[in-house]
Amino acid sequence: MARAKRVVLAYSGGVDTSVCIPYLRQEWGVEEVITFAADLGQGDELEPIRRKALDAGASQSIVGDLIEPFIADYAFPAIRANALYEGRYPLSTALARPLIAKRLVEVAREVGADAVAHGCTGKGNDQVRFDVAIASLAPDLKVLTPAREWGMSREETIAYGERYGLPAPVSKASPYSIDLNLLGRSVEAGPLEDPMVPPPEEVFAITASIDQAPDAAETIEIAFEQGNPVAIDGKPLDPVSMLRRANALAGRHGIGRLDMIENRVVGIKSREIYETPGLLLLIQAHQELESLTLAADVLRYKRQVEATWADLVYQGLWFGPLKHALDGFLDRTQEDVNGTVRLKLHKGNAVVVGRGSADSLYTPDMATYGSDDRFDHRAAEGFIYVWGLPLRLWSAVRRAGGR
Ligand code: ARG
């Protein structure tokens with residue numbers, strides 16, 4: 001019995017997703033495989049990828065430009081949330097998945113498919129993100145996952161593809177698994193599987209090494225409106241241009257490399273190398289502007305919400321109820337996050353050297369140590385009497401008890 005008649009497959013042009021095409025048709029009796037490849041600013045030539053799917057037996061090969069919504073509706077909310085999984089990873093891969101899933105479901109509706117498919121293996125986070133997103137958006141659609149079930153090694157997968165006319169990768173296959181989009185690159189496997197082995201320079205592509213970064217520092221200014229980055233050095237930039245410019249600036253100075261052991265949803269630790277220059281730069285600047293414009297209690301509370309929000313996105317719960325509710329909180333906090341942050345980029349570091357805002361809560365005549373100080377120093381005495389009262393009572397009782 002065929003598992004489905006007409007399937008829309010999320011397609012990247014890589015070995016696994018390409019082999020999914022003949023596999024779905026030959027082994028699982030699918031009549032029609034329609035591929036969907038998303039342009040997320042990865043810089044790949046999409047026309048060859050589109051044709052490759054047809055050569056592998058797809059009945060239709062669709063390419064969708066998702067760059068603009070990817071940055072405006074997924075990356076910008078992450079900047080507003082200062083989202084860093086486990087305090088470090090800015091979710092460059094994770095953020096793309098709910099958008100791909102959403103578009104995949106839309107395409108499935110447009111072509112009247114009864115199932116969607118993806119080429120994720122059973123060990124990663126991406127399968128979780130796709131499956132959970134699709135199930136919430138389209139509970140009636142089946143999700144077919146050949147690569148999770150076929151049990152073929154990489155060599156066997158390539159040999160299987162060759163039998164159905166898919167050429168083996170021409171260059172000596174890279175030992176790395178790489179995921180790429182406009183937010184950055186995620187690299188794992190090969191020599192990186194030994195957590196003690198330093199990442200070889202060849203794994204990096206969009207950031208300079210510290211050695212190659214210019215000796216001269218560069219100072220830039222990033223302007224924000226309601227938490228969204230809108231201009232660099234006074235030049236207004238749309239969201240996609242903003243990411244491109246921030247990537248170029250930070251990448252040139254060697255900013256945005258991460259080497260981390262992270263905890264996957266499926267319970268294993270993995271070693272991943274990330275290059276996310278622009279996104280990390282924008283989050284750093286955004287965080288700084290919040291320190292100037294958010295009230296102390298809002299700021300502290302938001303830092304906890306941010307960690308939860310990052311966990312939800314990492315764990316594939318983008319379309320879930322908690323994420324939805326937290327978005328409401330985050331949006332309110334961003335009303336006052338307007339202003340400019342000045343940063344000095346140099347040899348792998350971005351150092352904040354200035355910040356300004358019309359919504360600044362920094363009050364010079366309260367903060368100053370100069371003669372125009374308006375802070376009432378005598379008021380501190382009564383405040384401290386009340387503030388320290390519980391502590392004095394507690395220690396008095398302990399002393400009376402001989403402790
Ligand atoms: N560990 C990252 C995440 O789960 C990236 C996953 C994809 N990485 C890769 N090298 N293929 O978001």
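What's counted below: heavy atoms across the whole structure, side chains too, no hydrogens, waters or symmetry copies. Each ligand, and each atom within it, is numbered from 1 in the order the structure gives.
The shortest N/O to N/O separation between Ser177 and ligand 1 falls below 3.5 Å. Residue Asp126 has no nitrogen or oxygen atom sitting less than 3.5 Å from a nitrogen or oxygen atom of ligand 1, judged on distance alone.
Scanning all protein heavy atoms for the shortest distance to atom 12 (O) of ligand 1 gives Tyr89 OH, 2.6 Å. Looking at atom 9 (C) of ligand 1, its nearest protein heavy atom turns out to be Glu188 OE2, 3.2 Å. Of the protein's non-hydrogen atoms, the one nearest atom 8 (N) of ligand 1 is Glu272 OE2, 3.1 Å. Scanning the protein for heavy atoms near atom 1 (N) of ligand 1, the closest one is Glu262 OE2, 2.6 Å. Of the protein's heavy atoms, Tyr274 OH, 3.1 Å lies nearest to atom 2 (C) of ligand 1.
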Could you go through Tyr164 and Tyr23, starting from their C-alpha distance and side-chain angles, then the distance that decides it, and tell me whether this counts as ring-ring contact (aromatic ring centres under 6.0 Å, His included)?
CA-CA 9 Å; Tyr164 292 98; Tyr23 195 90; 9.3 Å; no
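Below 30°, between 30° and 60°, or above 60°: for Tyr301 and Phe329 the angle between ring planes is above 60°, a perpendicular geometry.
Look at Arg264 and you'll find every heavy atom at least 4.0 Å from all atoms of ligand 1. Within the structure, the closest approach of Tyr85 to ligand 1 does not fall below 4.0 Å when heavy atoms are considered.
Annotation: cation-pi geometry not satisfied between Arg97 and Tyr74 (NZ/CZ under 6.0 angstrom from ring centroid, within 45° of ring axis).
Side chain of Gln284 to main chain of Ala350: a donor-acceptor pair is present (N/O by atom type, distance under 3.5 Å, no hydrogens or angles). No donor-acceptor pair closer than 3.5 Å links the side chain of Thr368 to the backbone N or O of Asp365.
In summary, the atoms of ligand 1 found under 4.0 Å from a heavy atom of Asn125, numbered by their order in the structure, are 3 (C), 4 (O). Taking a cut-off of under 4.0 Å to the non-hydrogen atoms of Ser186, the atoms of ligand 1 that pass are 5 (C), 8 (N), 9 (C), 10 (N). Contact atoms of ligand 1 toward Arg129: 3 (C), 4 (O), 12 (O) (distance under 4.0 Å to a heavy atom of the residue). Of all atoms in ligand 1, listed by their number and element, those nearer than 4.0 Å to a heavy atom of Thr93 are 5 (C), 6 (C), 7 (C), 12 (O).
Heavy atoms of other residues, nucleotides or ligands lying less than 6.0 angstrom from CD of Glu47 number more than 12.
Lys123 NZ to Ile268 CD1: the interatomic distance, rounded to the nearest 0.5 Å, is 5.0 Å. In this structure, NE2 on His377 lies 6.5 Å from CZ on Phe375, to the nearest 0.5 angstrom.
If you run side-chain contact (heavy atoms from CB on, under 4.5 Å) between Asn181 and each of Leu243, Leu40, Asp39, only Leu40 comes through.
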